[in-house]
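Reckoned from all heavy atoms, side chains included, excluding hydrogens, waters and symmetry mates. All values reported here derive from a predicted model rather than from experimental measurement. All residue numbers refer to positions in the sequence shown, counting from 1.
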Amino acid sequence: MQHSERSGILIALCGFALLSVGDAVIKTMAGEFSPLGVAAWRFALGAAGLSILLSANEGKAAFRPSNPRLQAIRGVCLAAASLCFFSAIFVMPLATAMALAFVSPVIVALLSGPLLGEKVRPAVWAASFVALVGVAMVLRPNLAELGLVALLPLASAFFFALMIIANRASAGQGSALSMQVFMQIGAMPVLILAALGGHFSGVESLRLAIPDWTVLARCAVVAVTASSAHWLAYIGTQRAGAATIAPTTYVQMLVATFLGWWWFGDVPDLLTLAGAAIIIGAGLLLWWSTLREPAPVRAD
C-alpha cells in the first residue's frame, strides 16, 4: 500500500469518526429544544459559513447552479434525511439509530436501477436480503418499546440514499464546496417549514422558543464538525480512491457505540449488535462484489 493511500484511509477514518461526534453532540440537546429546530439551526449556520467560504474562493458566479431543479432535489433529500435522523437520535440510543441508517448503501444499490438505469446485480439482491435480516433484529425490541418512531432511521436511510443518487446525477456540475452549498441552501426551506409545522402541531417536544446560547453553540459545533468531516472524506477519497475508502465509513458505528455508552450510558444489547454486524456485513458484501466486477471494455 502506497503512502498516499495509507494517509487517505487515515484521513477518511478521521472524517467519518467526526460525523459520529457531531451526532452525539446533537443528542445532548434532546429535551432542550425541538429536533426539527435543531436541524434548521444547524443547517442555517452551516449554509451561512460555507457560503462565505464559497464567495471568498470562487466568487458570486459559483452560486449559479447549472441544474437548479436537481440541486433542489438534493436539498430536499438532505433535509428529510436529517429531520428523520435528528428526531430518531433524540429518542433512541445513538448506536441503534446508526445501525439502521447503515442500510442506505443497499437502498442506493436497489434504487440505482430504476432511477439511474444501472443494472441491479445478483449481489445486490443477496445483500438486500442479508440487510433485511439485520434490520429486523435491530427493530424487534425497539418497535415494541418506541412504536413506529423506531422506523425513523430507516426513513432517514431512504432519503439519504436518494440524495446519494442525486449526487451521482449532479457530478461535474460544480466544485465540491459549491455542491455542499447548493445542497444546504436547498434544504433550508424544508427545514424551516418543518420546524414551524412542528411548533404549531401542538406537540410539546416540537414547540419552538428562543434557544439558549448553548443550543446555538452546539449547533455551530455540529455545523463545523460535519463540514470538516465531509471535507476530510473528500480528501481521503482523492488520495486512496472511493473503493478503498468505502469500508471506512463503518468506523461511525464504533464511535457511536462508544460515545453512546460514555456520554449517555446507552449499552446496545446483543441482538442490536448482532443486527448491526449483519447490516454492515451486507454493505461490505456490496463493496466486495463491486471490486470483483470486471471493468467494461472500451470500444475504440
Side-chain angles (χ1 to χ4, degrees), residues 19-20 22-24 26-27 29-30 34-40 42-43 72-112 114-115 124 127-167 183-184 186-198 201 203 205-206 222 226 249-250 252-253 256 260 268 272 275-276 278-280 282-283 286:
L19 281 175
S20 286
D23 293 336
I26 290 168
K27 188 172 176 63
M29 290 181 267
S34 161
L36 309 183
V38 169
R42 174 261 179 268
F43 282 100
I73 291 173
R74 294 174 68 232
V76 170
C77 290
L78 173 63
S82 300
L83 289 171
C84 290
F85 191 73
F86 282 25
S87 299
I89 61 177
F90 265 41
V91 297
M92 296 174 66
L94 187 59
T96 302
M98 185 69 70
L100 292 171
F102 271 137
V103 78
S104 61
V106 177
I107 299 176
V108 170
L110 285 173
L111 295 181
S112 293
L115 295 182
V124 172
S128 301
F129 176 77
V130 171
L132 187 61
V133 172
V135 166
M137 293 175 66
V138 175
L139 276 181
R140 193 184 70 169
N142 291 287
L143 272 176
E145 181 180 350
L146 298 172
L148 294 179
V149 173
L151 298 177
L152 282 172
L154 292 179
S156 176
F158 174 76
F159 286 112
F160 187 78
L162 290 179
M163 186 189 74
I164 294 298
I165 290 173
N167 286 349
M183 189 163 56
Q184 298 207 22
M188 285 311 304
V190 178
L191 294 169
I192 292 171
L193 288 174
L196 291 175
S201 68
V203 179
S205 62
L206 301 181
V222 175
T249 185
Y250 295 115
Q252 292 179 73
M253 186 65 199
T272 298
I278 290 173
I279 294 170
I280 291 173
L286 278 178

Is any side-chain heavy atom of Leu206 closer than 4.5 Å to a side-chain heavy atom of Pro35?
yes
Output the distance between atom CG (Leu78) and atom CG (Asn167), rounded to the nearest 0.5 Å.
9.0 Å
Intermediate values then yes/no, side chain to side chain contact (heavy atoms under 4.5 Å, CB included), Phe90 and Ile26
CA-CA 8 Å; Phe90 265 41; Ile26 290 168; 3.8 Å; yes
Quick one, Ser104 and Ile164 - any side-chain contact, counting heavy atoms below 4.5 Å?
no
Nearest heavy-atom contact between Ala131 and Val106 is CB-CG2, 4.0 Å
Measuring from Cys84:SG to Leu36:CG, what's the distance to the nearest 0.5 Å?
9.5 Å
Could you state the interatomic distance from CD1 (Ile279) to CE (Met98), rounded to the nearest 0.5 Å?
12.0 Å
To check you understand the geometry: which heavy-atom pair defines the closest contact between Val130 and Ala282, and what is its length?
CG1-CB, 4.0 Å
Can you tell me how far CD of Gln184 sits from OG of Ser82, rounded to the nearest 0.5 angstrom?
8.5 Å
What are the two closest heavy atoms between Ala276 and Met253, and how far apart are they?
CB-CE, 3.8 Å
When every non-hydrogen atom of Ala150 is compared with those of Leu100, the smallest separation belongs to O-CD1, 3.7 Å
Check Ala81 against Phe159 and note the closest heavy-atom contact, atom names and distance.
N-CB, 3.7 Å
Which one of Phe160, Phe85, Tyr250 satisfies the ring-ring contact (aromatic ring centres under 6.0 Å, His included) criterion with Phe102?
Tyr250
Any idea which heavy atoms bring Leu83 and Ala39 closest together, and the distance?
CD2-CB, 3.8 Å
Let me confirm one number: the OG1-CG distance from Thr272 to Leu139, rounded to the nearest 0.5 Å.
9.5 Å
Roughly how far, to the nearest 0.5 Å, is the NZ atom of Lys27 from the OG atom of Ser20?
13.0 Å
